[in-house]
Amino acid sequence: MGYIEDVYTLVKKRNPGELEFHQAVSEVLESLRPVIQQHPEYQEVSLLERLVEPERVIMFRVPWMDDNGIYQVNRGFRIQFNSALGPYKGGLRFHPTVNLGILKFLAFEQIFKNSLTTLAMGGGKGGSDFDPKGKSDGEVMRFCQSFMTELCKYIGPDTDVPAGDIGVGAREIGYLYGQYKRIRNETTGVLTGKSITWGGSLIRPEATGFGSVYFAVEMLKTTGEKFEGKPCVISGSGNVAQFTVKKLIELGAKPVTVSDSNGFIHDPEGIDEAKLNFIMELKNIRRGRIKEYAEKYGVEYHDRARPWSVPCFAAFPSATQNEIDEGDAKTLVKNGCKLVSEGANMPTTPEGVDVFLDANILYGPGKAANAGGVATSGLEMSQNAMRLSWTGEEVNMRLQHIMASIHAASAKAASDYGYPNNYVMGANIAGFKKVAEAMMDFGLV
Ligand code: NDP
Ligand code: 2IT
């Protein structure tokens, strides 16, 4: 067996049952074959064996009291995967499905994504199996305070800088930051996604969705096509989906679906600014279900279904991992989909990815297409370090520039290694090379 196979076998043996982690590692390792061939010295120093083993995994008890005075216990995690390029950086996910394998896949992806941003950030991820759905603000606050009481021992502005992800938005970041500040008696950039009045960056809330559309625009430039008037299908209705829709409206495209974990709405007329404001109020303030959109605007609601059967020019999966399987990918391609830009992390199964690559459509994998969020987190860290704030225009311009450079670096690595137009190969190789070079410079760590 070859080096790549040996390392993958080791990963499966050492991390039994962590299927999403195996999936993420397998995709990256497959892409690295041509790089490993050119660099036999990597095998001599067991570079890949080190790359797939987190530097540190922290697991902890999170006890909290619910509104009925009942004691509850959740599990908290922080995966500090790789710090070769800078402090560990990556979001926190609060969702009942969270487990060690899911967070390891997310932290592993984050290493290469952060490398692609051009900013100095290592890879990390964390979270809890806590379910914020149906909880009162008081319960969410007490949970966040208990979570941070333990997590604060392991993070810091130059060590590890968490942010949001599924189930962690402005409200949760506020409670987490308040508790960190109280315990450590310091005001620092220890979290990103902060509100603008206490150290946040303009455009950070918008950044992942905007960035995913900017990446799509860069891909489209290679074929000369435009978004104007074209139907776009979006999954999710949270942070990433909302700002994907917003940017698509600005570009004159026609976003026709959004979803949540119960189902999706299909609005053939297109979601406009006013309807998007309704979604934002529904999801961010009232915390209701997307079904209400269908009732309010008299459009179709599809219960327990995903939106991939709706014909579209472009698809923006922006909910969760493995939400597009082989059949969904075939349906998208058959119905004329020309572009997929992944706002979510690993939303397409490996078989689905093969369908997109075989059809030769423009396919932007998550670690490139959704890197705008963490890139703007990096810009928030820079502003915190300077104790200065940039204008929204300045941050947006930097974000656009970073997305264009991620596109260019991925496209170049893909064609340099003989896989033109394959952004999966390109993003994995370009992201890996910087991390590998830094690890070689450090010697055996
Ligand atoms: P939010 O919590 O704001 O929104 C998540 C959305 O996805 C909700 O509509 C939610 O529905 C839906 N969803 C979550 N889990 C599932 C599921 N298992 N099945 C179906 N639908 C689901 O999260 P974000 O928008 O921040 O994150 C969305 C994706 O983008 C994730 O994959 C995340 O890792 C990725 N991402 C986020 C970044 C960020 O900056 N926030 C940066 C880069 C990537 P419901 O309300 O019913 O739960
Ligand atoms: O998956 C991701 O890149 C995020 N959830 C954002 C991480 C960050 O640190 O802003």
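Model, not experiment: these values are computed from the prediction. Indexing begins at 1, ligand by ligand and atom by atom, following the structure's order.
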**Student:** For atom 1 (P) of ligand 1, which candidate among Ala319, Gly169, Gly238, Ala369 holds the nearest heavy atom?
**Tutor:**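 The option holding the nearest heavy atom is Gly238.
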**Student:** Please say whether Lys125 places an N or O atom under 3.5 Å from an N or O atom belonging to ligand 1.
**Tutor:**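 It does not: no N or O of Lys125 is found under 3.5 Å from an N or O of ligand 1.
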**Student:** Salt bridge or not for Asp160 and Arg78, using N-O below 4.0 Å?
**Tutor:**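 Yes.
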**Student:** When only distance counts, is Gly236 in polar contact with ligand 1, meaning an N/O pair under 3.5 Å?
**Tutor:**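 No; the residue has no nitrogen or oxygen that sits under 3.5 Å from a nitrogen or oxygen of the ligand.
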**Student:** If the contact criterion is a heavy-atom separation under 4.0 Å, does Ser259 count as touching ligand 1?
**Tutor:**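 Right, Ser259 reaches ligand 1.
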**Student:** May I ask whether His95 places a heavy atom under 4.0 Å from ligand 1?
**Tutor:**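 Contact present.
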**Student:** Counting both backbone and side chain atoms, is some N or O of Gly164 under 3.5 Å from an N or O of ligand 2?
**Tutor:**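 Checking ligand 2 against Gly164, an N or O pair does fall under 3.5 Å apart.
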**Student:** Heavy atoms only: which of Thr244, Ile290, Ile166 lies closest to atom 23 (O) of ligand 1?
**Tutor:**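 That would be Ile166.
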**Student:** Contact between Arg289 and ligand 1, counting heavy atoms under 4.0 Å?
**Tutor:**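 Right, Arg289 reaches ligand 1.
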**Student:** Could you work out, for atom 11 (O) of ligand 1, the closest of Ala371, Ser377, Ser318, Ser261 by heavy-atom distance?
**Tutor:**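 Looking at heavy atoms only, the winner is Ser261.
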**Student:** Strictly distance-based, threshold 3.5 Å: is any side-chain N or O of Gln179 a donor or acceptor partner for the main-chain N or O of Tyr175?
**Tutor:**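 No: the side chain of Gln179 does not pair with the backbone of Tyr175.
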**Student:** Determine, for Lys434 against Glu437, whether the closest basic-nitrogen to carboxylate-oxygen distance falls under 4.0 angstrom.
**Tutor:**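 Not counted as a salt bridge, because no side-chain N and carboxylate O are separated by less than 4.0 Å.
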**Student:** Check this for me, if you would: do Glu206 and Lys246 make a salt bridge, where the nitrogen-to-carboxylate-oxygen distance has to be below 4.0 angstrom?
**Tutor:**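 Salt bridge absent between Glu206 and Lys246.
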**Student:** So, is the end of the Lys135 side chain (NZ or CZ) under 6.0 Å from the ring centre of Phe143 and within 45° of the ring's axis?
**Tutor:**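 That pair does not qualify as a cation-pi contact.
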**Student:** Arg204: heavy atom below 4.0 Å from ligand 1, yes or no?
**Tutor:**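 Yes.
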**Student:** Looking at non-hydrogen atoms alone, which of Asn370, Thr97, Thr320, Asn262 comes nearest to atom 17 (C) of ligand 1?
**Tutor:**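 The residue whose heavy atom sits nearest atom 17 (C) of ligand 1 is Thr320.
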**Student:** So for Glu323, does at least one of its heavy atoms come nearer than 4.0 angstrom to any atom of ligand 1?
**Tutor:**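 The answer is no, since Glu323 has no heavy atom less than 4.0 Å from ligand 1.
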**Student:** Which is closest to atom 3 (O) of ligand 1 by heavy-atom distance: Val168, Asn239, Ile279, Leu106?
**Tutor:**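 Looking at heavy atoms only, Asn239 sits closest to atom 3 (O) of ligand 1.
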**Student:** Within the side chain of Glu139, is there an N or O that forms a donor-acceptor pair under 3.5 Å with the backbone of Ser136?
**Tutor:**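 The answer is yes, because a donor-acceptor pair under 3.5 Å joins these two groups.
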**Student:** Work out whether the distance between some heavy atom of Lys125 and some atom of ligand 2 is less than 4.0 Å.
**Tutor:**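 Flag set, Lys125 near ligand 2.
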